[in-house]
Each structure stands twice: as structure tokens, then as C-alpha cells.
Amino acid sequence: MLETYAKRLRLPAIKRVYKEVAHDATERQIPYEEFLLALLEQEVQQRDANQIASRIKHAKFPTTKTLDQYEFSAIPSLNKTKLLQLARCEYIEKSENIMFIGNSGTGKTHLSIALGQEACHHGYSVQFWTAAKICNELMEAQSQKRILQLEKQWLKTDLIILDEVGFVPLNKTGAELLFQFCAARYEKGSLIITSNLEFADWTQIFKDEQMTAALVDRLTHRAHIFAMNGDSYRFKQSIQRS
């Protein structure tokens with residue numbers, strides 16, 4: 001009956017471990033309250049793990065990356081202490097942005113994914129997009145007259161990662177929609193942005209100097225900006241493996 005009730009109450013962890021926990025409680029003469037606490041702890045831990053896994057799946061990261069895997073020695077000027085502090089995710093509560101700007105191959109995407117996964121572990125909703133892909137999504141939504149619905153949906157996401165801003169040329173419509181999207185999140189939700197272009201060169205993306213200046217002003221206000229300049233991180237790893 002214990003297994004039947006655990007199944008009906010949707011307590012799979014308790015159903016799985018109760019025999020082992022009961023045996024341990026009998027052997028150690030653990031009080032009933034501690035036995036019940038041990039069972040409930042197993043259930044809570046399992047549910048927490050399931051929720052984290054669900055948030056990571058929903059984020060659609062292209063790969064799994066962690067801060068521990070990043071070789072900070074590759075870019076000595078990078079502020080490791082600040083990055084580890086940002087991993088606590090307090091910036092999300094303040095609707096602040098993080099920006100990784102610099103050369104290709106220096107680990108900008110790696111760090112953005114790692115911070116995104118930390119956010120998932122801390123209970124925040126995350127979505128990962130390349131700039132090109134989100135522009136295509138926005139243009140399709142505009143053509144179907146559901147752009148406002150889509151933007152409203154994305155505003156509910158705690159953290160959005162925009163990867164490879166500037167890597168792929170955008171047409172005028174795509175650039176304007178990306179501007180509107182980023183501007184809509186100003187002081188309402190956090191962004192992590194990676195780009196191989198310095199801010200002065202963002203006119204190559206958005207085609208209009210005034211629009212570019214307005215967007216950069218919003219994005220960099222209360223933002224944490226990291227200059228990722230150095231030799232290619234990926235190239236060094238390739239050399240080490242060869």
C-alpha cells in the first residue's frame with residue numbers, strides 16, 4: 001500500500017527509497033520524525049533536480065559548459081572573481097546585463113552558456129538564441145502578426161542569451177526588430193550578449209547610427225562588460241589536442 005499511495009500522491013523518490021531508509025532507521029533506531037524527514041528530503045531533492053533539468057532543457061543550450069571547464073589562464077586580464085560572483089545570479093534580480101565583447105574563439109559563448117546554466121540551477125528561466133536565429137523568429141512572427149505576443153512571452157523569461165551578435169549580417173527589418181526586442185527588455189529582464197564587434201562597430205549590425213547609439217546606451221547601462229581579447233581559445237585547445 002505504501003507504494004500505491006506514493007504513486008497516487010506522485011512521490012516517486014519516496015516510492016523508490018522508502019525501504020532502504022526504513023531499514024536504516026530501524027538499524028540506527030532513528031525517531032519517527034527523522035525517518036519522515038529523510039524521506040521528504042529525498043523527494044524534495046529529486047524534484048529540485050527535475051526542475052533544474054527541465055529549465056536547462058527549455059533553455060535550449062547548444063552544448064553543456066561550466067565555469068570550471070573554462071581556462072581563465074587563456075585570458076589573464078579576464079576578471080575571474082567578478083565572473084564567479086555573477087554566477088550567484090544577483091544581476092538577474094536587478095535586471096542587469098552581461099556583455100562579452102572580443103575576438104572569435106576566446107570563449108564568449110562558453111561563458112554565456114555557463115552563466116545561463118548557473119541561472120537554471122538558481123531557479124531562473126533562461127533561453128539561448130543566436131542573433132541570426134532570433135531575428136528570423138521575430139521576422140516570422142511579424143509576418144504572422146504575432147510579434148507583440150512573442151515579445152510579451154519573452155519578457156517573462158528571466159534571462160535571454162543572445163550569442164554571435166554581429167557574426168551574421170542582418171537585413172534592415174531584422175536589425176530593427178532586434179533593436180526593438182533588446183530595447184523592450186531594458187530594465188525589465190537581463191540579457192547576456194556575445195559579440196566579436198566593438199560597440200563602435202555595431203552600426204554594421206543595425207545600419208543606423210542613431211539607433212545603434214540608443215541601443216548601446218540601454219544595453220550598457222548597469223551592465224557588466226568583459227573584454228575578451230586575446231589569442232583564440234579554441235585554437236589553443238586544438239593545438240593541445242594535436
Would you call [X] and [Y] a side-chain contact if the rule is heavy atoms closer than 4.5 Å?
X: Ile205; Y: Thr212; value: no
X: Met228; Y: Asn103; value: no
X: Lys60; Y: Gln127; value: no
X: Glu96; Y: His221; value: no
X: Ser112; Y: Phe128; value: yes
X: Arg222; Y: Asn97; value: no
X: Pro62; Y: Ile113; value: yes
X: Asn196; Y: Phe167; value: yes

Mind checking the [atom1]-[atom2] spacing from [X] to [Y]? Nearest 0.5 Å is all I need.
X: Glu151; Y: Gln142; atom1: CD; atom2: CD; value: 9.5 Å
X: Leu150; Y: Leu155; atom1: CG; atom2: CG; value: 10.0 Å
X: His23; Y: Arg28; atom1: NE2; atom2: CZ; value: 11.5 Å
X: Leu67; Y: Leu84; atom1: CG; atom2: CG; value: 6.0 Å
X: Thr66; Y: Gln69; atom1: OG1; atom2: CD; value: 3.5 Å
X: Thr157; Y: Leu191; atom1: OG1; atom2: CG; value: 10.5 Å

Closest non-hydrogen atom pair between [X] and [Y], with its separation:
X: Ala59; Y: Cys120; answer: CB-SG, 4.4 Å
X: Lys108; Y: Gly102; answer: NZ-O, 3.3 Å
X: Tyr124; Y: Arg55; answer: O-CD, 3.3 Å
X: Gly174; Y: Asn171; answer: N-OD1, 2.6 Å
X: Phe61; Y: Gly116; answer: CZ-C, 3.5 Å
X: Val168; Y: Ala132; answer: CB-CB, 4.2 Å

If you group Ile, Leu, Val, Met, Phe, Trp and Tyr by side-chain heavy-atom gaps below 4.5 Å, do [X] and [Y] land in one group?
X: Ile30; Y: Val17; value: no
X: Leu177; Y: Val165; value: yes
X: Val216; Y: Tyr186; value: no
X: Met99; Y: Leu178; value: yes
X: Ile101; Y: Leu86; value: no

Does Lys133 form a salt bridge (Lys or Arg N to Asp or Glu O under 4.0 Å) with Glu137? I'd like the steps, not just the answer. CA-CA 6 Å; Lys133 188 173 182 179; Glu137 187 80 8; over 6 Å; no
So does [Y] get a backbone contact from the side chain of [X], meaning a donor-acceptor N/O pair under 3.5 Å?
X: Trp202; Y: Leu197; result: yes
X: Thr194; Y: Thr109; result: no
X: His122; Y: Glu118; result: yes
X: Gln46; Y: Pro12; result: no

Evaluate side chain to side chain contact (heavy atoms under 4.5 Å, CB included) for Phe100 paired with Leu83, printing each intermediate quantity in order. CA-CA 11 Å; Phe100 296 108; Leu83 273 168; 3.8 Å; yes
Taking the six-membered ring of Phe226 as reference, does the NZ or CZ atom of Lys82 fall below 6.0 Å from its centre and within a 45° cone about the axis?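 Lys82 over Phe226 ring: yes.
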Does atom [atom1] of [X] have more than 12 heavy-atom neighbours, drawn from other residues, nucleotides or ligands, at distances under 6.0 Å?
X: Lys207; atom1: NZ; answer: yes
X: Glu209; atom1: CD; answer: no
X: Gln51; atom1: CD; answer: yes
X: Gln149; atom1: CD; answer: no

Taking the six-membered ring for Trp and the full ring for Phe, Tyr or His, determine whether the centres of Phe181 and Phe179 are under 6.0 Å apart.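 No, ring centres 6.0 Å or more apart.
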Using the six-membered ring wherever Trp is involved, compare the ring planes of Tyr70 and Phe72 and label them parallel, tilted or perpendicular (cut-offs 30° and 60°).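 Because their plane-to-plane angle is over 60°, the rings of Tyr70 and Phe72 count as perpendicular.
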Using side chain to side chain contact (heavy atoms under 4.5 Å, CB included), reason through Cys182 and Leu162 one step at a time and then give a plain yes or no. CA-CA 10 Å; Cys182 292; Leu162 290 181; 3.7 Å; yes
Taking 4.0 angstrom as the limit, do Glu43 and Arg47 come out as a salt bridge?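 Here Glu43 pairs with Arg47 in a salt bridge, since their nearest N and O are under 4.0 Å apart.
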With side chain to side chain contact (heavy atoms under 4.5 Å, CB included) as the test, would you mind laying out the steps for Leu215 and Phe199 before giving the verdict? CA-CA 10 Å; Leu215 180 60; Phe199 294 124; over 6 Å; no
Under the criterion side chain to side chain contact (heavy atoms under 4.5 Å, CB included), I'd like the reasoning laid out for Ile134 against Trp154: C-alpha separation, chi angles, the key distance, then a yes or no. CA-CA 11 Å; Ile134 202 170; Trp154 281 343; 3.7 Å; yes
Run the side chain to side chain donor-acceptor pair (under 3.5 Å) test on Asp163 and Thr130 for me, step by step, so that the C-alpha distance in whole Å, both residues' side-chain angles and the decisive distance to 0.1 Å come before the verdict. CA-CA 4 Å; Asp163 194 34; Thr130 63; over 6 Å; no
